[in-house]
Every structure is written in structure tokens, then in C-alpha cells.
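Atoms within each ligand, like the ligands themselves, are counted from 1 in listed order.
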Amino acid sequence: MKIRDILKEKTPHISFEIFPPKTDAGYDSVLAATEKIAALKPSFISVTYGAGGGTSKNTVSIASHIKDDFDVTSLAHLTCVSSTKDEVHQVIEQLKENEIENILALRGDIPKGREFPLPNHYRYACELIEDIKTQGDFCIGAACYPEGHVEMEHKKDDIINLKHKVDCGVDFLTTQMFFDNNIMYNFLYRIREKGIVVPVLPGIMPVTNKKQIARIGGMSGTALPERFRAIVDRFGDDPKAMQQAGIAYATDQIIDLIANGINHIHVYSMNKPEVAEAIMRNLSEIVKS
Ligand code: FAD
């Protein structure tokens, strides 16, 4: 099913994200985790794609299992920063062969110290999106950044680029994670004002351990509200307490978003079925699968 049709539904929906294993050795355990998450009957499951190529080869395969064996709509991410146009075309062909209808079209992070763009590569996600449109009847999603993309000094320029990207043929947007819903509401106001009217799925990350917090801290631009910091200060050294508090914080964000009229929320559950299950349990009367 195309995600743009799922997004027409007016009742609350949750989707989850899976990242493929770094090596083939991890394939079976990722697939087992995916199966458990699929059993929660989310609106779709997305599968990330390594910008450097390393974790990309299993994306199509896991996305196919989600759709064919677990009976859940799948969304395959596709980054282009480290691939030639011909290589990207081959992946699009594989997606077509496997009847995967939904692609999240991304540029990927530019590898440090490398000439960019290399000849016969795409420069921005918008170029990839234009190309995908010519390759088949896909539903195309793209990324957006409520706090601005790190390469852009001014948020307004990022929104101008986002408008251009959406106009190239984007059906929906998914946001970078954020921990303060007011940032999301303000972003929505600003993009709607600029004529970006496609559905926007807020991306919510349940932070369940200290390592994740260090990584988020290293990402420029993601604001960590005082309430969030207090949770980390109090529970960061107690893994079980941190997991419970992180899930509660994410649940709270999701309930607030739904209460404010946003019906489709994407959860970065990081291959952890227990986290996805806890979120769905907390929302059992709010989100009906
Ligand atoms: P673009 O839309 O191309 O934007 C990149 C930068 O270029 C921005 O600063 C933008 O303002 C600017 N820009 C865009 N178009 C133009 C233009 N026409 N002219 C001038 N400037 C322009 N990474 C992975 O490696 N694998 C994944 O699976 C993955 N999944 C993601 C999922 C989501 C929901 C999000 C939010 C991010 C994901 N990323 C993933 C990270 C993403 O690849 C990086 O953030 C990357 O740096 C930007 O990708 P993009 O598609 O947003 O790029």
C-alpha cells in the first residue's frame, strides 16, 4: 500500500523504524526484532539505508520481508551521496522487482574530507526525487528538520530548499527527532505559511540509554529541554529506570501531538521491540491498530 493513502486516514497511527545489520551475521536477529515490531501492526515500518553503502545491501531485503512475510507496509530509505546515478538506478530496479512502493529519498551526510559531489552523483535529495519519479510509480517521502539542517546557517533558507524539494514530487515528509513539541508546532506553522502542504510525520525518539544521549548531544541543533535533561541526570546511570523514563517521555510527546491534531507519528524505536511494545501499550486506548 502507498503511504500517501495511509496518511489520508483520520485516526491516530504509529509507524516504526528499523536499521539493517552492519554485517550479515546480525541479519537474523534484526529480522526477528522486525517481526516482533510488525506484530504490533504499525501503519508502516521504515528501513534505513547506510549513506556510505555499508548497511545498504540489506535494506531492500528487510523491506521485502516486512511487506511479504509480516504483512505490514514497508518504506525503504534510499541515500545517494555515496553512489553513482547508475548504482542508485539499480537499487530502484530492485525495489520495483520486489514491489516496494514507498521510498524515503535522501541525500545522506557528505563523508568528511571527500570531494562533493563526485561526477555522475546527485548533489541534493531533490535531484534524486526527480529521477525516482521517472523510474516508476512510487510514493516518495523525504526528510525535514524542524530545528534546521546542520549545513544551513539560516532556517529560512532550509525551508526554501524544502519547498523546492517537495515541489519535485514529495508525497510526505518525516522529521528529524526533536524533544520539544513546540519546535514542531512552530516548524509546521512556518512551512505551511510557505506553501508546503504535504503531510508531515513527526519523528519521535524514545531515549532509553546514556549512549544515545551522548550521540544526540553530539548532533548540532537538537535542543534538549530542561525536563528532558532532568530525566537524564536522575536516571542516566540506571539503565532500567532510564528506559522507563525515556519511554514515558516519548509517550507524553506522542499524546500531546495527537491531542493537537497530528495523527501520524513515526517512532525511532531502534530495532528494540520491547520499546515499541511499551509505547503501543501506553497508547492502547488512543491508537487502535
Ligand atoms: P537534502 O534535502 O539534499 O538537504 C541537504 C542540505 O542541502 C540541506 O542543508 C538543504 O537545505 C540543502 N539543500 C537542499 N536542496 C538544495 C538546493 N536545491 N540548493 C541549495 N541547497 C539545498 N541518513 C542515512 O544515511 N540513511 C538513512 O536511512 C537516513 N534516514 C533519515 C531519515 C530521516 C527522517 C531524516 C530526518 C534523516 C535521515 N538521514 C539518513 C540523514 C540524512 O541523510 C542527512 O540529514 C543528510 O545530511 C541530508 O539529507 P536530505 O535528504 O535531507 O538532504
- Can you sort out which atoms of ligand 1 are near Glu151, meaning under 4.0 Å from one of its heavy atoms? 6 (C), 9 (O)

- Item | Main-chain N/O of Glu127 paired to Glu130 side chain as donor or acceptor, under 3.5 Å | no

- Parallel, tilted or perpendicular for His266 and Phe44, by the 30°/60° rule? parallel

- Message: If you measure every N or O of Ala125 against every N or O of ligand 1, does any of those distances drop under 3.5 Å?
- Response: yes

- Below 4.0 angstrom, N of the basic side chain to O of the carboxylate: do Arg227 and Asp252 qualify? yes

- Message: Would Thr174 count as a polar contact of ligand 1, with the cut-off being nitrogen or oxygen pairs under 3.5 Å?
- Response: no

- For ligand 1, the portion of Lys165 having any non-hydrogen atom under 4.0 Å away: side chain

- Message: Applying a heavy-atom cut-off of 4.0 Å, say which part of Tyr145 lies close to ligand 1: side chain, backbone, both or neither.
- Response: side chain

- Phe138 six-ring centre to Lys133 NZ/CZ under 6.0 Å and within 45° of normal: no

- Ignoring hydrogens and angles, tell me if any N or O in the side chain of His149 forms a donor-acceptor pair with the backbone of Glu151 under 3.5 Å. yes

- Task: Report, in ascending order of atom number, the atoms of ligand 1 lying under 4.0 Å from any heavy atom of Tyr268.
- Result: 34 (C)

- N or O contact, Asp158 vs ligand 1, cut-off under 3.5 Å: yes

- Atoms in ligand 1 flagged as close to Leu104, the criterion being non-hydrogen separation under 4.0 Å: 32 (C)

- Classify the ring geometry between His89 and Tyr122 as parallel (under 30°), tilted (30 to 60°) or perpendicular (over 60°). perpendicular

- Can you find an N/O atom of Thr48 closer than 3.5 Å to an N/O atom of ligand 1? no

- Message: Under 4.0 Å, heavy-atom basis, I'd like to know which part of Arg107 is in contact with ligand 1: side chain, backbone, both or neither.
- Response: both

- Look at ligand 1 and say whether Gly108 reaches it with a heavy atom at a distance under 4.0 Å. yes

- Task: Under 4.0 Å, heavy atoms only, figure out whether ligand 1 is touched by the backbone of Tyr122, its side chain, both or neither.
- Result: neither

- Message: Do the side chains of Glu101 and Lys96 get close enough for a salt bridge, i.e. N-O under 4.0 angstrom?
- Response: no

- Message: Any nitrogen or oxygen of Cys126 lying under 3.5 Å from a nitrogen or oxygen in ligand 1? Just yes or no.
- Response: no

- Note on the structure: With Lys163 as partner, the option from Asn161, Val166, Asp167 fulfilling side chain to side chain contact (heavy atoms under 4.5 Å, CB included) is Asp167

- Item | Carboxylate-amine/guanidinium contact Asp137 Lys2, below 4.0 Å | yes

- Query: Using a heavy-atom cut-off of under 4.0 Å, does the side chain or the backbone of Thr79 touch ligand 1, or both, or neither?
  - Reply: side chain

